[in-house]
S.K.: 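Pasting a structure here, questions to come.
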Amino acid sequence: MKVLKFGGTSVGSAQRMKEVAKLIADGEKKIVVLSAMSGTTNTLVEISDYLYKKNPEGANEIINRLESKYKQHVNELYSSDEYKQKTLEFIKAQFDYIRSYTKDIFTLFEEKVILAQGELISTNMMTNYLLEQGVKAVLLPALEFMRTDKNAEPDPVYIKEKLTTQLDMYPDAEIYITQGFICRNAYGEIDNLQRGGSDYTASLIGAAVNASEIQIWTDIDGMHDNDPRIVDKTSPVRHLHFEEAAELAYFGAKILHPTCVQPAKYANIPVRLLNTMEPTAPGTLISNDTEKGKIKAVAAKDNITAIKIKSSRMLLAHGFLRKVFEIFESYQTSIDMICTSEVGVSVSIDNTKHLNEILNDLKKYGTVTVDKDMCIVCVVGDLEWENVGFEAKALDAMREIPVRMISFGGSNYNISFLIREADKKRALQSLSDHLFNGK
Ligand code: ASP
Ligand code: MG
């Protein structure tokens, strides 16, 4: 069985919901995970914000506006009065419920209940629409099986057991619809898997039912040459290893968050990124298979700061790196690239909030140099160290470009260069020419 997830914009209007319905009703049994309609979760956050600030009037105004938007969606979605009425009643009940929270104390607990409404409503709308179309659809309530443990981590044993029970209740159903994002915590309270958590839901469900494939449908092509952060290529990226995808996620590629796909990766279930605007395109497949000797993509990230700490005390000493890293840790600043020599270490960071404090502390250990407006350019692909030639090719492409740092060997799938932001375009073009176009 396949698990399909549709994001907020894919179900963002009545028209889009109809398109999704057409896409999923192909006679094959499947589980469909839906996000809230686009913008809804943000609006629910805004409502909660007014309630935290003890401004029920502000909250009510937004609640009413959101409710009338949903009434309009319902009017456009259904053709029969029966389903229109049924869905309107459900929506009214949910909004009355949200309104009931404007009268009482408001805490994190209440906020989570409010945030859950977007997915509860979108799945109800879709299920009713499918039923109206004569499709054998059932709504599986995520709150019955999606659960986190005391460490706020998903509980795979519970999820599998309860989800199986739910599925067994409806053996004849063709499409099982369920909510992304929402869950119950270890105390049985309504909770969620964090913003954007619907991908995580899909991945957890895929692992629980041992799906043949997990499909993540968005309105953007998962990994395409028109992604502005990926350099132009002649062909879209059709296949990535989970680790190649994780490397690219750092560069803001419109790709899945690595923690969200972890359950799929561990269960060895391929994840396919697909585009609702181009449903017949093959998309990008992410799996545990490596395409031998293939370079997949070149990506870049701006606003990088490089810091070098040079000290003769580092020579033959131990514990020097720990002291340096502890400084970054104490300012909650994560290090991205690292290069070391016997007498110095260079690191790159992208969060400069505490740069001055960090520099001050580092000066205790050595001479510190800073380079701002830098950029990481990263080549992703099968760069297993025993393969020969790829490092040379990448380096050759950088021949004309001043390179501040080079990092290779951190993973089998990446070689990174730190260069000036001003040289980025040139570097990307040259890498693309050397690695993809055989120049
Ligand atoms: N609706 C939630 C959000 O906007 C979850 C999701 O869409 O993945 O964050
Ligand atoms: Mg690296």
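Numbering of ligands and ligand atoms starts at 1, following listing order. The analysis underlying the following values was restricted to heavy atoms, covering all of them including side chains, and did not include hydrogens, waters or symmetry mates.
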S.K.: Ignoring hydrogens and geometry beyond distance, is a side-chain donor-acceptor pair present between Arg404 and Ser346 at under 3.5 Å?
M.R.: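 Indeed, the side chains of Arg404 and Ser346 share at least one donor-acceptor pair under 3.5 Å.
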
S.K.: Are Asn192 and Arg184 close enough that a side-chain donor and a side-chain acceptor fall under 3.5 Å?
M.R.: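 No.
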
S.K.: Side chains of Gln15 and Glu19: donor-acceptor distance under 3.5 Å anywhere?
M.R.: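 Judged by distance alone, the side chains do pair up.
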
S.K.: In terms of residue, atom name and distance, what is the protein heavy atom nearest to atom 7 (O) of ligand 1?
M.R.: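 Answer, as residue, atom name and distance: Ser35 OG, 3.0 Å.
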
S.K.: Side-chain donor-acceptor pair under 3.5 Å between His73 and Glu76, yes or no?
M.R.: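 No, no side-chain donor-acceptor contact under 3.5 Å.
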
S.K.: I'd like to know if Gly7 contacts ligand 1, where contact means a heavy-atom distance under 4.0 Å to any ligand atom.
M.R.: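 The answer is no: ligand 1 sits nowhere under 4.0 Å from a heavy atom of Gly7.
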
S.K.: Please assess Asp81 against Gln85 for the test side-chain hydrogen bond (donor to acceptor under 3.5 Å, both in side chains), listing each intermediate value before the final yes or no.
M.R.: CA-CA 6 Å; Asp81 278 342; Gln85 281 321 317; 5.4 Å; no

S.K.: Between Lys5 and ligand 1, does any nitrogen or oxygen pair lie at a separation below 3.5 Å?
M.R.: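 No, Lys5 has no N/O under 3.5 Å of an N/O on ligand 1.
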
S.K.: Polar-atom distance check: Phe181 versus ligand 1, any N or O pair below 3.5 Å?
M.R.: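 In this structure, Phe181 places no N or O atom under 3.5 Å from an N or O of ligand 1.
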
S.K.: What I want to know is whether Gln194 and ligand 1 share at least one N or O pair that is separated by under 3.5 angstrom.
M.R.: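 In this structure, Gln194 places no N or O atom under 3.5 Å from an N or O of ligand 1.
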
S.K.: Could you tell me which atoms of ligand 1, counted from 1 in the order shown, lie closer than 4.0 angstrom to a heavy atom of Glu119?
M.R.: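 Selected atoms, number and element: 1 (N), 2 (C), 5 (C).
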
S.K.: Does the pair Glu67/Arg99 count as a salt bridge with the N-to-O cut at 4.0 Å?
M.R.: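 So Glu67 pairs with Arg99 through a salt bridge.
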
S.K.: Verify the distance criterion only: is there a donor paired with an acceptor across the side chains of Asp382 and Asn387 at less than 3.5 Å?
M.R.: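 The answer is yes; a qualifying pair exists.
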
S.K.: Which ligand 1 atoms does Ser198 reach within 4.0 Å, using its non-hydrogen atoms?
M.R.: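 Those of ligand 1 that fall under 4.0 Å from Ser198 are 5 (C), 6 (C), 7 (O), 8 (O).
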
S.K.: Against ligand 1, does Gly196 come closer than 4.0 Å with any heavy atom?
M.R.: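 Yes, that is the case, since the closest heavy atom of the residue is under 4.0 Å from the ligand.
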
S.K.: Identify the protein heavy atom lying closest to atom 4 (O) of ligand 1, giving its residue, its atom name and the separation to 0.1 Å.
M.R.: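 It is Arg195 NH2, 3.0 Å.
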
